[in-house]
Peer 1: 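The structure that follows is given in the form of structure tokens.
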Amino acid sequence: MSRRILLVDCDQFFVQCARLADPDGAGREELLLVGGSPSGRGVVTSASYGTRAFGVRSGMPTAQALRLCPAARVVPVPRGLCGRKSRDVRAVLERFTPVVEPASIDEAYMDMTGTEALYREPLEATAQRIRSAVLDDAAISVSIGGGASRLVAKLAAGSAKPAGVRIVEPGAEIDFMRALRLSDIPGVGPVFAAHLERMGLSTVEAALAVNEVALCQMLGRTRGRWLYRRVRGIDGGVVRPDLRSRSLSREETFPLDIDDDAALETELLALASRVAADLREHDVRARTITVKLRDADFRTRRASRTLRTGVESDRAVVATARVLLRRLRAARRSAARLLGIAASGLDGSDFGDQLALFDDDVVESVRDRQLSRVTDQLRKRFGASAIRTGRLLDRS
DNA sequence: TCTGGGGTCCTAGGACCC
DNA sequence: TCTGGGGTCCTAGGACCC
């Protein structure tokens with residue numbers, strides 16, 4: 001039996017949250033842009049439907065959006081409320097099935113296979129009840145798509161927007177896909193779409209006419225097979241609840257580019273401390289630390305290092321990141337517009353003695369961990385400014 | 001007023017092991 | 001002295017998504 005999957009997608013999620021956060025201000029504003037940045041280098045995170053009529057899209061530089069729609073009001077993302085609303089929505093969804101997989105802050109997949117017998121109603125009716133329940137109990141409007149695969153559910157949700165439900169019945173997948181462009185398929189971004197276009201393929205209809213062998217000859221075996229299945233609405237994806245994240249990161253684009261090494265190290269210290277605090281909050285340790293630099297000319301460079309054992313303390317993360325930053329700076333001197341730090345290899349098991357990767361490997365002591373945990377406690381009780389990170393860390 | 005911040009997955013080469 | 005593959009891990013970069 002084929003699977004019955006729903007994708008629940010919040011309508012203009014950040015706009016809805018901004019309106020809930022300020023009902024009398026943003027709540028009354030039809031032309032609303034959420035995002036931007038005090039630095040003036042921001043982009044639109046979410047644009048209200050009113051502004052989209054002017055050509056505004058999310059991801060667009062705020063300055064450009066305001067040129068298209070000068071009457072729009074710009075408000076910051078209400079981060080805390082967005083997180084709470086996201087959890088509220090998920091809690092409602094979990095009343096309908098335990099198999100809920102959040103795909104991002106504003107969408108989640110649900111595996112509803114078998115629930116038609118359980119609820120004694122078509123999937124369409126259940127989806128309508130889910131929509132109403134989320135609106136009533138979380139005050140968030142969602143659109144819901146349904147189908148035999150994650151791919152079809154996702155695309156159906158797109159066609160249901162805003163505030164609608166669209167279920168693609170089993171067997172109707174190809175006819176549903178036929179109306180789409182290849183660039184509508186998740187995973188076909190601007191680069192791949194342009195490549196396909198050069199080969200004369202821009203619509204799903206056109207790709208359906210090419211057999212699998214020919215597609216593989218055109219695109220290579222992996223991508224040929226991948227596209228052959230996608231245009232037929234097929235993906236191998238399973239809905240998996242309780243997915244743990246594979247990496248944690250923090251990054252910052254500076255209001256003005258920074259070329260001074262000492263100033264960059266100060267920023268590094270702040271970012272690395274935040275990453276380390278995030279690791280402890282999630283109760284994980286990271287074996288790999290990556291530092292990312294974006295130069296003034298927008299070229300992005302990275303350097304990473306995998307340690308023998310996972311780390312979670314401020315000192316170990318900072319010490320590792322500092323070496324990587326110096327290496328990047330030595331390789332190319334340019335003012336930096338962005339600095340970022342990522343932690344991955346989370347909870348990776350210790351590599352033991354199989355390989356002594358580096359003689360100068362950063363090692364984290366029990367004392368380092370205790371010190372960071374105590375700092376966390378103090379910050380929790382007395383506020384973030386209770387402890388100045390720099391003093392505690394400068395042992396390297 | 002050019003281009004945010006948080007992620008996932010894939011590829012490709014080299015090191016190293018069996 | 002010459003000649004292999006296969007598998008895994010690490011690193012760097014890039015496409016892509018919301």
Side-chain angles (χ1 to χ4, degrees), chain A residues 7 9-15 33-47 57-67 70 74 76-77 79 82-83 86 101-108 150-151 154 157-158 183-195 220-223 226 237 240 243-257 271 274-275 278 287-308 324 327-328 331 337-346 348-349 351-352 354-358 361:
Chain A
L7 186 271
D9 192 334
C10 301
D11 300 320
Q12 42 170 17
F13 181 62
F14 296 97
V15 169
L33 301 176
V34 181
S37 147
S39 70
R41 284 179 147 173
V43 301
V44 175
T45 298
S46 185
R57 295 289 177 271
S58 62
M60 181 179 277
T62 309
Q64 188 185 347
L66 284 172
R67 256 179 266 131
V74 183
V77 176
R79 294 245 166 247
C82 291
S86 182
E101 177 189 328
S104 72
I105 194 167
D106 70 341
E107 41 174 35
R150 293 165 63 111
L151 172 66
K154 167 86 181 155
S183 57
D184 294 331
I185 296 175
V188 180
V191 176
F192 193 21
H195 183 66
R221 196 178 159 88
T222 308
R223 290 202 299 178
W226 184 89
R240 295 163 298 179
L243 273 192
R244 311 211 66 178
S245 55
R246 308 177 68 81
S247 66
L248 289 173
S249 68
R250 294 283 185 164
E251 64 182 55
E252 187 187 356
T253 296
F254 308 122
L256 294 171
D257 297 347
L271 287 166
R274 287 169 73 190
V275 167
D278 291 342
R287 276 193 59 217
T288 304
I289 302 296
T290 302
V291 171
K292 170 163 119 181
L293 257 192
R294 177 124 71 212
D295 295 335
D297 61 2
F298 219 73
R299 179 172 152 196
T300 305
R301 301 178 294 133
R302 285 174 194 77
S304 67
R305 176 138 160 190
T306 299
L307 307 170
R308 262 173 300 219
L324 294 169
R327 190 200 300 170
L328 286 169
R337 68 174 283 138
L338 172 147
L339 177 63
I341 299 181
S344 57
L346 302 185
S349 56
F351 216 50
Q354 293 174 50
L355 274 182
L357 290 180
F358 305 98
D361 211 3

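FYI, side chains are in, hydrogens and waters are out, and symmetry mates aren't considered; it's all heavy atoms of this structure. Each chain gets a letter, A, B and so on, in the order its sequence line appears, and its residues count up from 1.
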Peer 1: Nearest to the side chain of A:Pro190, which nucleotide is it out of B:dT8, B:dG4, C:dC16?
Peer 2: C:dC16
Peer 1: Please identify each residue that fulfils salt bridge (charged side-chain N to carboxylate O under 4.0 Å, His left out) with A:Arg301, with sequence neighbours left out.
Peer 2: A:Asp295
Peer 1: For A:Arg327 and A:Ala303, work out which heavy atoms get closest and say how close.
Peer 2: NH1-CB, 4.1 Å
Peer 1: Between atom CZ in A:Arg274 and atom C1' in B:dG6, what is the gap in whole Å?
Peer 2: 11 Å
Peer 1: With sugar-phosphate meaning primed atoms plus P, OP1 and OP2, does A:Ile185 contact a base, only sugar-phosphate, or nothing at under 4.0 Å between heavy atoms?
Peer 2: sugar-phosphate
Peer 1: Could you list, one pair per line, each protein nitrogen or oxygen that sits under 3.5 Å from a nitrogen or oxygen of nucleotides 9-15 of chain B, together with the distance?
Peer 2:
{"from": "B:dC9", "atom 1": "OP2", "to": "A:Arg246", "atom 2": "NE", "distance (Å)": "3.2"}

Peer 1: Taking side-chain hydrogen bond (donor to acceptor under 3.5 Å, both in side chains) as the test, write out the residues that go with A:Arg223, two or more places apart.
Peer 2: none
Peer 1: Can you tell which of C:dC18, B:dT3, B:dG4 lies closest to the side chain of A:Thr253?
Peer 2: B:dG4
Peer 1: In whole angstrom, give the distance that lies between atom CG of A:Leu256 and atom P of B:dG4.
Peer 2: 14 Å
Peer 1: Can you tell me which nucleotide in B:dT1, C:dC16, B:dG6 comes closest to the side chain of A:Ala63?
Peer 2: B:dT1
Peer 1: Using Watson-Crick and G-U wobble pairs whose two distances are both under 3.5 Å, how do you write the pairing of DNA chain C as dot-bracket, with | for links to another strand?
Peer 2: ....||||||||||||||
Peer 1: Take the protein atom CD1 of A:Ile105 and the nucleotide atom P of B:dT8, then report the distance between them rounded to whole Å.
Peer 2: 14 Å
Peer 1: Rounded to whole Å, how long is the line connecting atom CZ of A:Arg150 with atom C1' of B:dT8?
Peer 2: 11 Å
Peer 1: Is a donor on one side and an acceptor on the other found under 3.5 Å between the side chain of A:Arg287 and the backbone of A:Leu307?
Peer 2: yes
Peer 1: Given that A:Leu338 and A:Arg67 both sit by DNA chain B, which one's nearest nucleotide is further toward the 5' end?
Peer 2: A:Arg67
Peer 1: Is a donor on one side and an acceptor on the other found under 3.5 Å between the side chain of A:Thr62 and the backbone of A:Gly42?
Peer 2: yes
Peer 1: Mind calculating the distance between CZ (A:Arg41) and P (B:dG5) to the nearest angstrom?
Peer 2: 10 Å
Peer 1: With sugar-phosphate meaning primed atoms plus P, OP1 and OP2, does A:Arg79 contact a base, only sugar-phosphate, or nothing at under 4.0 Å between heavy atoms?
Peer 2: nothing
Peer 1: Please report the distance, rounded to the nearest Å, between CG in A:Asp106 and C1' in B:dG5.
Peer 2: 14 Å
Peer 1: It should be established whether A:Lys154 places a side-chain nitrogen or oxygen under 4.0 Å from OP1 or OP2 of nucleotide C:dC18.
Peer 2: yes
Peer 1: A:Arg294 has a side chain; which of B:dG4, B:dG6, B:dG5 sits nearest to it?
Peer 2: B:dG4
Peer 1: Using the closest heavy atom to pick a nucleotide of DNA chain B for each, name whichever of A:Ala296 or A:Arg250 lands nearer the 5' end.
Peer 2: A:Ala296
Peer 1: Using a heavy-atom cut-off of under 4.0 Å over every strand shown, decide if A:Ser245 touches base, sugar-phosphate, or nothing.
Peer 2: sugar-phosphate
Peer 1: Under 4.0 Å, counting only non-hydrogen atoms across every strand here, what does A:Gln64 touch: a base, just sugar-phosphate, or nothing?
Peer 2: nothing
Peer 1: Sub-3.5 Å donor-acceptor pair from the side chain of A:Arg41 to the main-chain atoms of A:Phe254, do we have one?
Peer 2: yes
Peer 1: Mind calculating the distance between CZ (A:Phe254) and P (B:dT3) to the nearest angstrom?
Peer 2: 15 Å
Peer 1: B:dG4 and C:dC16: how far apart are their C1' atoms, nearest whole angstrom?
Peer 2: 16 Å
Peer 1: Looking at the side chain of A:Phe298, which of C:dC16, B:dG4, B:dT8 is the nearest nucleotide?
Peer 2: B:dG4
Peer 1: Test A:Arg337 against every option in A:Asp297, A:Leu293, A:Asp257 by the side-chain contact (heavy atoms from CB on, under 4.5 Å) rule and name the one that passes.
Peer 2: A:Asp257
Peer 1: Where the side chain of A:Phe192 is defined as all heavy atoms beyond and including C-beta, which of B:dT3, C:dC16, B:dG6 is the nearest nucleotide?
Peer 2: C:dC16
Peer 1: For A:Ser58 and A:Ser46, does a side-chain donor sit closer than 3.5 Å to a side-chain acceptor?
Peer 2: no
Peer 1: From the set B:dG4, B:dT8, B:dG6, return the single nucleotide nearest to any side-chain atom of A:Glu251.
Peer 2: B:dG6
Peer 1: Apply salt bridge (Lys or Arg N to Asp or Glu O under 4.0 Å) to the pair A:Glu252 and A:Arg274, showing each step before the final yes or no.
Peer 2: CA-CA 12 Å; A:Glu252 187 187 356; A:Arg274 287 169 73 190; 5.6 Å; no
Peer 1: Looking for any heavy atom pair under 4.0 Å, which part of the strands does A:Leu66 touch: base, sugar-phosphate only, or nothing?
Peer 2: nothing
Peer 1: Could you pull out all residues at least two apart from A:Asp184 that satisfy salt bridge (charged side-chain N to carboxylate O under 4.0 Å, His left out)?
Peer 2: none
Peer 1: Please tell me which of the listed nucleotides, B:dT8, C:dC18, B:dT3, lies nearest to the side chain of A:Arg337?
Peer 2: B:dT3
Peer 1: Could you tell me which residues satisfy side-chain hydrogen bond (donor to acceptor under 3.5 Å, both in side chains) with A:Ser86, sequence neighbours excluded, listed by chain and number?
Peer 2: none
Peer 1: Compare side-chain N and O positions of A:Ser104 against OP1 and OP2 of C:dC17 and report whether any pair is under 4.0 Å apart.
Peer 2: no
Peer 1: Once you round it to whole Å, what is the distance between C1' of B:dT1 and CE of A:Met60?
Peer 2: 15 Å
